[in-house]
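Sequence lines set the chain letters: A, B, ... in the order given, protein chains first and strands last, and positions in each chain run from 1.
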Amino acid sequence: MILKKIKEASLIGRSGSRFPVHDKWESFLKNGGRGYLICNAAEGEPGAFKDKFLLKNEIDRVFEGIDVVNNFFQIEDTFFYVKKKYYKLFKAELLERSKKRGVKIKLKEDRYVAGEETAAISSIEGKRADPKGKPPYPTGIGLWGKPTIVHNLETFYAISEIAKDNYNGERFFCITGDVSREGVFKLKEELSIKEVLQKTGNYPDFEFLVQAGGGAGGIFISEMNIDQPCNGLAVIEVYKKNDFDKNKKMIEISNFLMYGNCDKCTPCREGIYRINEMLKKGFDEKIFNELLSVLEKSSYCPLGKNASKVFKSLISVDEN
Amino acid sequence: MKIKLDGKTIEVVGKKTILEIAKEHGVDIPFLCNHPDICVTGSCRICVVRINNENRCRSACDTVAVEGMDIITSDPEIEKIRKTNLELLFSQHREECEDCVWNPGCKLLELAEKYEVKINKYVDRKDHYPEIGFGGIVEFDSSKCIDCRNCIEICKKQNVSFLEMEGKGHLFEVVPAKDRACVYCGQCIIHCPAGSFESVGEFEGVEDAFKGSGDENIVFQIAPAARVSISEEFGLDPGTVSTGKLISGLKKVGADKVFDVSFGADFTTIEEAKEFLEKFKDDDLPLFTSCCPSWVRFVEFYYPRFVDNLTTVRSPHIISGAIIKSLASDPEKTTVVSVMPCVSKKYEIRREELKVNGLNPVDYVLTVREVGRLFRNKDIDFEKLPDSSFDDPFGSASGDAVSYGVAGGVMEAALRQAFFMKTGKKIKEKNLKERSDFSFELEGKEIKTKKISGLSQAVKVLEGLKKYPKLFDYLEFMSCPGGCIGGGGQPMPTNEDIRKKRRKGLISTGTDKKWKSAFENDSVSEIYKQLKSKKDIFHTSFRAERNPENINKKWPIKNRLKSKTDGLKI
Ligand code: SF4
Ligand code: SF4
Ligand code: SF4
Ligand code: SF4
Ligand code: FES
């Protein structure tokens, strides 16, 4: 049985929130085992191009994974939630495969937060792609109030591998920045950042730092600390230390978040706006820390919370 | 189920949010954006609490308690978060406290004081944001908006969806939709926590009625729902009846006469009953009430196919206004001011077709909030005012007429009247009050009626009628949730709890009346005799208006730039 196999493989969702797949499935079953399925191919992190890679090279595996889930559960409708840009690139391939299966395609709004799973649900429901609070989790109350499973397309890829007994605990790493071999690489999940860089021939011969987890949501790690695995999204961006301008990076990220958030909650909407403002006009550490604290502790959705982690890691990256 | 609230174990029954539970147990969790009428937006992040000692806080307004939850409503970190979030809210909210619908009683300021918030820690982000007028009736000052989206939600719930989010650069703003029409229900005003909306003249216009040459006869008339809710403007409990004090207060500020709009309601009842019976005879039902101007506008614009179903009988204060002027010695020199729970009535009195002999039946409408302001401007000590009675000759109205202020009142009154006119008997009261859909028999035919308050309900029924035109025979529609007791001109805050108390208070004023129904009121027939041309006093006309451009031309959406001079005054 596929659920047992997935549990044995301890498959972790590939979205970045690192949620065990069998937990989602069991919760879906507990809620009746009927409802909707969403394949999320809406990566929005700057520097991430793994979804694109999979659409280009492994689209059949992804759809096979969708089939596996459809065969196991009673799925009323499957939605393929995809970034507009990618849809344009792979329209023919996507349409061919989705038509055959009655899978519906929904284009993602061009906002960062729109990739979040509850925002995806709102968007498919025809509303603004704003996140909803969790709990309730989508596996209980999801699309149009019905139990819903949302997986990243790489998770579907892995599911299809597991179904065929091909899975060996590998995931796709996206490596970018000041590296010689930019690209997507399939490697063991538990590898440390250091090992990933070494194995892919990307270990720099200069002083550097990395951002792991994506260009907006990823945390900054100094060279000394890369002996840890890549938590969250498997996106590693390498920066030459000598060229790295912290303030510029901070402005860049706050700009990105300002455009990409949903503007719904006070700490994220106003907090990031003020952080951006003070980076340009004059930094006040006390206020900065206050703002990070409300972002971390009181934002409505994980975007705001994560933003504070990113800023904190960036501020302190050369201290350790 | 048992949970712990600030260390105390308590028993909770049913599905409730932490905010609701705290309220029930007298624990104060500050909040801003939450309003029970609207599904939670969870945007302000002031109501944060700590659950099960988690590192991250959660919002009390949208977190449902579950068995065993351990909730802490205050600790130094929570307080600090609230303070910072308040400062951020103030950073986008241009304070204009003097002229704000929340003054007195503003929650933002109350919290600012409690948390020692530096209101001006940041430069106001929205300082230059425009003020937008909707048809010259509702005004939206977007520089005060704290982006909670309550107004969008309530307007959507009203099925008008006139307000929407528009992306501007990296931020979203509340803007009026270009292809929709506001129906002036004013629900956005009473659901905005930041006082961004107000009705036209809400501050600068409250004394306009007294600005004439001085030899005018200034006549006030009071709507049913106003005599109860005015109490709240002066800190009295919701539901307290203050008819007598309201009359005295109005006299004190310069009213020559104060009448009861309810006497107009008795005419509306009689005329509407006549129309109902005619349509019954001609098999031309259903008939819709039309005394709520927002409802009329809603039909004219969004459901024009039903325009002919609206009763042509004018609303009570328009009829009483016209009667007052018709019987006055010098109509030109008579100024009629209606005290209303309603914003939309300000629009109604501008409708051209209501003029009688070239004169507007009503010259000004003051909302309950505005009367509160007028009295405060004039330093009137409301609680100490003596109780006065309405002036003659229009002092007597039936109990039914007073019920116009609560949902269902209009139709109930007309039904009693019609039944009596047709059969000479009184209608069997059973179920008439309690049920929203009431049926009875008239000449062997079943008459099905329905009462609807809140436009969200209205649309369901209208869609039903599209499919099954004979679904109902007579329907009362009120735009505001709960009818006029929940009107857009009522005191702030307004919510279901308060609406219920107002309703109770209002019904109690109707039961001590000498007459229950219009047909028992003999002063009515007296006045009928005195009036010469009846038609244009009692009836009006409507027109379907499908084109948003036309309607927006007549009632334009105006964008005014903010003058930067208004300062902060506390
Ligand atoms: S943290 Fe708040 S404003 Fe930011 S994206 Fe989430 S809900 Fe929207
Ligand atoms: S105008 Fe008022 S109700 Fe509307 S979003 Fe702004 S603060 Fe909220
Ligand atoms: S007055 Fe009523 S219809 Fe107009 S914007 Fe406000 S809520 Fe919407
Ligand atoms: S229900 Fe009453 S208060 Fe509300 S718009 Fe209609 S008449 Fe005015
Ligand atoms: S009251 Fe709970 S978030 Fe505003």
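- Listed by chain and number, the residues in a salt bridge (Lys or Arg N to Asp or Glu O under 4.0 Å) with B/Lys178 amount to none (sequence neighbours excluded).
- Contact count against chain A (heavy-atom pairs under 4.5 Å) is highest for B/Cys57 among B/Cys33, B/Cys57, B/Gly167.
- Legend: residues meeting ring-ring contact (aromatic ring centres under 6.0 Å, His included) with B/Phe90, ordered by chain and number and at least two apart, are absent.
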Candidate polar pairs, chain B side and chain A side, donor-acceptor under 3.5 Å:
{"from": "B/Thr41", "atom 1": "O", "to": "A/Lys264", "atom 2": "NZ", "distance (Å)": "3.2"}
{"from": "B/Ser43", "atom 1": "O", "to": "A/Thr266", "atom 2": "N", "distance (Å)": "3.0"}
{"from": "B/Ser43", "atom 1": "O", "to": "A/Thr266", "atom 2": "OG1", "distance (Å)": "3.2"}
{"from": "B/Cys44", "atom 1": "O", "to": "A/Thr266", "atom 2": "OG1", "distance (Å)": "3.1"}
{"from": "B/Arg45", "atom 1": "NE", "to": "A/Ser298", "atom 2": "O", "distance (Å)": "2.8"}
{"from": "B/Asn55", "atom 1": "OD1", "to": "A/Lys297", "atom 2": "NZ", "distance (Å)": "3.2"}
{"from": "B/Arg56", "atom 1": "NH1", "to": "A/Glu296", "atom 2": "O", "distance (Å)": "2.8"}
{"from": "B/Arg56", "atom 1": "NH1", "to": "A/Ser299", "atom 2": "OG", "distance (Å)": "3.3"}
{"from": "B/Arg56", "atom 1": "NH2", "to": "A/Ser299", "atom 2": "O", "distance (Å)": "2.8"}
{"from": "B/Cys57", "atom 1": "N", "to": "A/Lys297", "atom 2": "O", "distance (Å)": "2.9"}
{"from": "B/Glu77", "atom 1": "OE1", "to": "A/Lys297", "atom 2": "NZ", "distance (Å)": "3.4"}
{"from": "B/Glu77", "atom 1": "OE2", "to": "A/Lys297", "atom 2": "NZ", "distance (Å)": "2.7"}
{"from": "B/Lys80", "atom 1": "NZ", "to": "A/Glu290", "atom 2": "OE2", "distance (Å)": "3.0"}
{"from": "B/Asn85", "atom 1": "ND2", "to": "A/Ser298", "atom 2": "OG", "distance (Å)": "3.2"}
{"from": "B/Ser91", "atom 1": "O", "to": "A/Arg274", "atom 2": "NH2", "distance (Å)": "3.1"}
{"from": "B/Ser91", "atom 1": "OG", "to": "A/Arg274", "atom 2": "NH2", "distance (Å)": "3.4"}
{"from": "B/Gln92", "atom 1": "OE1", "to": "A/Arg269", "atom 2": "NH2", "distance (Å)": "2.8"}
{"from": "B/Gln92", "atom 1": "NE2", "to": "A/Glu270", "atom 2": "OE2", "distance (Å)": "2.9"}
{"from": "B/Lys121", "atom 1": "NZ", "to": "A/Glu290", "atom 2": "OE1", "distance (Å)": "2.9"}
{"from": "B/Val123", "atom 1": "O", "to": "A/Arg274", "atom 2": "NH1", "distance (Å)": "3.3"}
{"from": "B/Val123", "atom 1": "O", "to": "A/Arg274", "atom 2": "NH2", "distance (Å)": "2.9"}
{"from": "B/Arg125", "atom 1": "NE", "to": "A/Glu270", "atom 2": "OE1", "distance (Å)": "2.9"}
{"from": "B/Arg125", "atom 1": "NE", "to": "A/Glu270", "atom 2": "OE2", "distance (Å)": "3.4"}
{"from": "B/Arg125", "atom 1": "NH2", "to": "A/Glu270", "atom 2": "OE2", "distance (Å)": "2.5"}
{"from": "B/Ile146", "atom 1": "O", "to": "A/Arg269", "atom 2": "NH2", "distance (Å)": "3.3"}
{"from": "B/Asp147", "atom 1": "OD2", "to": "A/Arg269", "atom 2": "NE", "distance (Å)": "3.3"}
{"from": "B/Arg149", "atom 1": "NH1", "to": "A/Asp130", "atom 2": "OD2", "distance (Å)": "2.8"}
{"from": "B/Arg149", "atom 1": "NH2", "to": "A/Cys262", "atom 2": "O", "distance (Å)": "3.0"}
{"from": "B/Arg149", "atom 1": "NH2", "to": "A/Asp263", "atom 2": "O", "distance (Å)": "3.3"}
{"from": "B/Phe172", "atom 1": "N", "to": "A/Asp263", "atom 2": "OD2", "distance (Å)": "2.8"}

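- Of all non-hydrogen atoms in B/Ile78 and B/Ile72, the two that sit nearest each other are CD1-O, 3.6 Å.
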Margin query: Run B/Cys192 and B/Phe197 through side chain to side chain contact (heavy atoms under 4.5 Å, CB included) and show every step you take.
Written below: CA-CA 7 Å; B/Cys192 172; B/Phe197 296 88; 3.9 Å; yes

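- Remark: B/Ile38 CD1 to B/Ile154 CD1 distance equals 5.0 Å, nearest 0.5 Å.
- Once rounded to the nearest 0.5 Å, the distance linking CG of B/Leu5 with CD1 of B/Ile18 reads 8.5 Å.
- Applying the ring-ring contact (aromatic ring centres under 6.0 Å, His included) criterion to B/Phe162, with sequence neighbours excluded, gives B/Phe134.
- Chain A forms the most heavy-atom pairs under 4.5 Å with one residue out of B/Ile81, B/Val40, B/Val64, and that residue is B/Ile81.
- Proximity to chain A (any heavy atom under 4.5 Å) is restricted, for B/Ile146, to the backbone atoms N, CA, C and O.
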